[in-house]
Amino acid sequence: IHSRDTKTYVKKQSKDPKYADVLLLTAERDLLHAQQAKILLDAEPNRARSKFVIGKLQRALINGYKLLEFTEDVDDQYRLLEYLGYVAIIEGSLAISKKKYQNAIYPLSVVRCILQCIHSTKDSDDVYYDTIDTIVDPSLKLALSQALNMKPSDISSVAKEFASKGSET
């Protein structure tokens with residue numbers, strides 16, 4: 001938002017609910033750019049592209065935190081859980097991209113629990129379950145195997161255990 005008074009500049013933030021959609025779309029755009037660059041990085045390793053992926057994930061995480069801050073008093077608890085899960089996916093992806101696997105275990109465990117909760121309580125299609133199968137579980141298994149040398153057969157109970165322990169794991 002443009003302000004002519006630069007001496008007493010105060011950061012202005014819209015109270016319009018559509019601002020949350022803008023923040024969500026901005027975070028999603030950065031996440032998708034990072035995922036696209038990561039696919040190219042897997043095909044042809046490159047240090048500059050690796051830094052680009054990490055930068056885009058950091059930017060997506062910043063926008064995700066802004067989204068959570070903006071929507072902290074939202075009435076729809078499922079929407080808030082979805083936002084928390086989205087930010088946790090970004091946080092886990094960032095930790096894995098930085099090869100800090102120990103830091104990825106907690107957010108990925110939390111997002112798995114969130115998606116299971118939403119899927120079981122909401123009349124929804126299988127998009128939540130597909131997200132668990134294609135994004136969360138492979139990342140969580142990678143983080144567990146790299147950080148703790150653990151290959152669990154029941155990933156659901158392991159995720160619940162780490163989510164309940166908190167981020168001190």
Side-chain angles (χ1 to χ4, degrees), residues 17 20-43 53-54 56-72 74-169:
D21 294 337
V22 170
L23 287 172
L24 179 64
L25 291 173
T26 304
E28 188 172 359
R29 179 196 62 202
D30 290 333
L31 180 62
L32 290 174
H33 280 158
Q35 288 175 341
Q36 180 186 17
K38 188 155 178 54
I39 291 170
L40 295 173
L41 184 65
D42 290 341
V53 169
I54 291 171
K56 281 296 183 180
L57 288 172
Q58 287 173 335
R59 191 75 213 148
L61 189 60
I62 288 168
N63 286 322
Y65 286 147
K66 286 180 185 177
L67 174 67
L68 290 178
E69 184 180 311
F70 185 76
T71 59
E72 65 188 5
V74 74
D75 292 333
D76 186 5
Q77 296 302 314
Y78 288 111
R79 180 162 304 263
L80 186 58
L81 272 177
E82 287 174 344
Y83 291 158
L84 285 169
Y86 194 72
V87 170
I89 286 175
I90 296 169
E91 195 172 335
S93 298
L94 178 61
I96 287 177
S97 292
K98 289 181 171 182
K99 296 187 178 11
K100 294 185 178 180
Y101 300 106
Q102 185 70 30
N103 296 346
I105 295 172
Y106 176 69
L108 292 172
S109 297
V110 167
V111 75
R112 190 177 204 292
C113 294
I114 287 172
L115 292 174
Q116 280 181 320
C117 173
I118 293 173
H119 179 69
S120 66
T121 57
K122 231 180 174 184
D123 292 332
S124 63
D125 51 0
D126 290 333
V127 72
Y128 298 109
Y129 195 70
D130 290 342
T131 304
I132 290 172
D133 278 347
T134 59
I135 297 172
V136 179
D137 280 354
S139 300
L140 185 56
K141 286 178 184 177
L142 174 68
L144 287 169
S145 68
Q146 294 292 324
L148 304 175
N149 207 13
M150 194 176 170
K151 296 188 191 279
S153 58
D154 183 21
I155 195 81
S156 179
S157 62
V158 172
K160 288 177 187 174
E161 177 185 336
F162 278 103
S164 66
K165 281 184 184 178
S167 62
E168 68 268 354
T169 57

Do L108 and I96 come within less than 4.5 Å of each other through their side chains, counting heavy atoms only? yes
Y83 side chain to E72 side chain, donor-acceptor N/O pair below 3.5 angstrom: no
Between A163 and S109 the two heavy atoms that sit nearest each other are N-CB, 3.9 Å
In this structure, CG of L81 is separated from CD1 of I118 (nearest 0.5 Å) by 5.0 Å
L57 CG to I89 CD1 distance, which is reported to the nearest 0.5 Å: 12.0 Å
I need the single residue from L148, N149, L142 that forms a side chain to side chain contact (heavy atoms under 4.5 Å, CB included) with Q146. Which is it? L142
When every non-hydrogen atom of T71 is compared with those of L80, the smallest separation belongs to O-CD1, 3.7 Å
Pairwise distance SG(C117) to OH(Y78) - rounded to 0.5 angstrom: 6.5 Å
How far does OG of S97 sit from NZ of K56, to the nearest 0.5 angstrom? 14.0 Å
Closest approach of A104 to P107 (non-hydrogen atoms, all atoms of both residues): O-CD, 3.4 Å
What closest approach, in Å, do I105 and L140 show between heavy atoms, and which atom pair accounts for it? O-CD1, 3.8 Å
Report all side-chain donor-acceptor pairs from residues 23-36 shorter than 3.5 Å, counting only partners two or more places apart or in another chain.
{"unit_1": "T26", "atom_1": "OG1", "unit_2": "V22", "atom_2": "O", "d": "2.7"}
{"unit_1": "D30", "atom_1": "OD2", "unit_2": "N63", "atom_2": "ND2", "d": "3.3"}

Side chains of Q58 and K98: closer than 4.5 Å at any heavy-atom pair? yes
Looking at every non-hydrogen atom in both residues, tell me the closest pair between D133 and P138 and how far apart they are. O-CD, 3.4 Å
With side-chain contact (heavy atoms from CB on, under 4.5 Å) as the criterion, how do C113 and K160 come out once you've worked through the C-alpha distance, each side chain's angles and the decisive distance to 0.1 Å? CA-CA 7 Å; C113 294; K160 288 177 187 174; 3.9 Å; yes
Tell me, please, which residues at least two apart from S156 pass side chain to side chain donor-acceptor pair (under 3.5 Å). Q116
Which heavy atom of A159 sits nearest to which heavy atom of R112, and what is that distance? CB-CD, 3.7 Å
If you round to the nearest 0.5 Å, how far is CG of L68 from NZ of K66? 13.0 Å
So, taking the atom named OG in S120 and the one named OH in Y129, what distance separates them when rounded to the nearest 0.5 Å? 12.5 Å
Verify side-chain hydrogen bond (donor to acceptor under 3.5 Å, both in side chains) between E91 and Y86, making sure each step is shown before the conclusion. CA-CA 9 Å; E91 195 172 335; Y86 194 72; over 6 Å; no
Within a strict 4.5 Å, meaning less than it, do heavy atoms of the K151 and L144 side chains meet? no
